[in-house]
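Notes for the one structure printed next.
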Amino acid sequence: MPLEPMSIALSRLVRRMIRAHPGLLERLGEHGNRRFAIDPTDLPLCLLIQPRAARGTVRVYRHPPASDARIAGPLAALLGLVHGTWDGDALFFSRDLVVEGDTSAALALRNAIDDAELDLGLEISAFAGPFARMLQPIIRFAERRTGLPLRRMEDPE
Amino acid sequence: MMELICPAGTPAALHAAVKAGAHAVYCGFADETNARNFPGLNFSRDELSASIAFAHASGAKVLVAINTFPRAGAESLWHQAVADAETAGADAVILADIGLLAHAAEHHPDLRRHLSVQAAAANPDMINFYATAFGVRRVVLPRVLTIAEIAAINREIDVETEVFVFGGLCVMAEGRCSLSSYITGRSPNMNGVCSPPSHVDYATEDGELAAKLGGYTIHRNAKDAPAPYPTLCKGCFSSADKTGYVFEDPTSLDATELLPALAKAGVTALKIEGRQRSRSYVAQVVRSFRAAVDAVEAGRPVPPGTLARLTEGQSATAGAYRKTWR
């Protein structure tokens, strides 16, 4: 898949998430201006996320670009972290997650995402238009690849 | 039934704890008044009020940790925190500083006061002093006592005792440890942070994970070996002819199987550490311990714990409860 359309689609997705979850930027605080490299080590891609730039931008690279903080690990670990399936410290203890650069920023991002209770499946299905059609296969691929169900069932009360 | 006291670093974690069966949740404000003052963590005033309303509607209590030691000249930040906790409807505040306890007793007499583990009250004389002088109703015991010692303390005091049963393990006298501040200038006691992330760097060097605190490498872990927190007490040092974990191995507390003995020792409440952890951790640990507490109450055997993969060092110890440390 070409990188530029993927960058545009993911940027729109991130902007939508930021609008829907204003607590994300509040918890990030000053760290919202940092450049976060999210590096799935089992894929030939790396995302550079800037939460406050133009209300949220994502660029996709073939190799990890310069960043303030790099968070690397298998796709399953990264998606499980965002989706709230896995615990970030446990992934760090087991060496499934690597953090380099600005540790404070990485920690703030992890805590902000955890509190936002993102449901990746829901976020993408709420995303209409041609970009949704582009993202749906990515999610299906991610579910197949990681074995993680990326749409959460409501917890029993 | 022993009360299960569970950690929450965010409103989402508090919801997870309550849904998983917490009897009470403890949390703190997003500033230096609490001992888990990490980026992106903790509660605003509005979040605390909403979270307390949610917890109360579900039958759970909320305890607010204001357990650092106020800086001279800046006491108003801590005083305001106590007042705001009461306004938000907190069921108790967890305090460590003797001056703050006096302030709370005088200005917020109806707000229940618990003594934080940060006060390091480890004998009946200290505990009885805090109870008599400041009306403390519960003391969180330091993680340095055996079960026999806890039972002996309970026989000589009239306040409730709360003990840690799971999570990160401080091996120092809590509230007195200055190891972090020797390197970073910041400590859990004064700033709410042990090994603040602003002073932590990780690097991969020769295939090993090197953790640096304030520019000093404090441990290296071979590829695929479990990684510890970057705290000095779990650092790897050379002393005389030995190199290793001089203070303590990186491992976590798990007292699941000791719950019947703790109940017998007269313990009122069981505390789970981990306000810096995710809602996934909170849900799993609370669910496991609630099942264990229910089993103890019903006289059934305690189900075996399955939480090792969540722990630092991916291994667990019964800590001082059994006093088997080297």
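The chains referred to below are lettered A, B, ... by the order of the sequence lines, with proteins before strands, and numbering in each begins at 1. Treat the numbers as computed from the prediction; the structure is a model and nothing was measured.
Listed here is the closest heavy atom pair of A:H31 and B:P39: NE2-CB, 4.1 Å. A:S104 approaches B:P197 most closely through the heavy-atom pair OG-C, 3.4 Å. Across all their heavy atoms, A:R27 and B:L41 have their closest contact at NH1-C, 3.5 Å.
Within the 6.0 Å centre-distance limit, the rings of B:Y229 and A:F93 are counted as a close aromatic pair.
Counting heavy-atom pairs closer than 4.5 Å to chain A, the top residue among B:G9, B:A203, B:A225, B:A16 is B:A225. Chain A forms the most heavy-atom pairs under 4.5 Å with one residue out of B:P11, B:A30, B:A13, B:S44, and that residue is B:P11.
With a threshold of 4.5 angstrom between heavy atoms, A:L28 does not approach chain B through any atom at all. The part of B:E47 that comes within reach of chain A is its side chain, from C-beta onward, which places non-hydrogen atoms under 4.5 angstrom from that chain. Interface residue B:N42: only backbone heavy atoms are found under 4.5 Å from chain A. Proximity to chain A involves both the backbone and the side chain of B:L209, based on heavy atoms less than 4.5 angstrom apart.
Rounded to the nearest 0.5 Å, atoms CZ (B:F38) and CZ (A:R110) are 9.5 Å apart. Rounding to the nearest 0.5 Å gives a distance of 11.0 Å between OG of B:S280 and NE2 of A:H83. Rounding to the nearest 0.5 Å places CZ of B:R279 at 8.0 Å from OG1 of A:T85.
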_Verdict with reasoning, B:T204 to A:E100, per side-chain contact (heavy atoms from CB on, under 4.5 Å)_ = CA-CA 9 Å; B:T204 304; A:E100 290 174 352; 3.7 Å; yes
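Side-chain atoms of A:D115 come within 3.5 Å of backbone atoms of B:A12 as a donor-acceptor pair (strictly under, hydrogens ignored). Put simply, the side chain of A:T103 never gets that close to the backbone of B:S198: no donor and acceptor are under 3.5 Å apart. Checked by atom type and distance alone, the side chain of A:D87 pairs as donor or acceptor with a backbone atom of B:S278 at under 3.5 Å.
Within the 4.5 Å cutoff, side-chain heavy atoms of A:F92 are placed close to those of B:Y202.
For B:Y216, the OH atom sits in a loose shell: 12 or fewer heavy atoms of surrounding residues, nucleotides or ligands are nearer than 6.0 Å.
Using a 4.0 Å cut-off between charged side-chain N and carboxylate O, B:D224 and A:R95 make no salt bridge.
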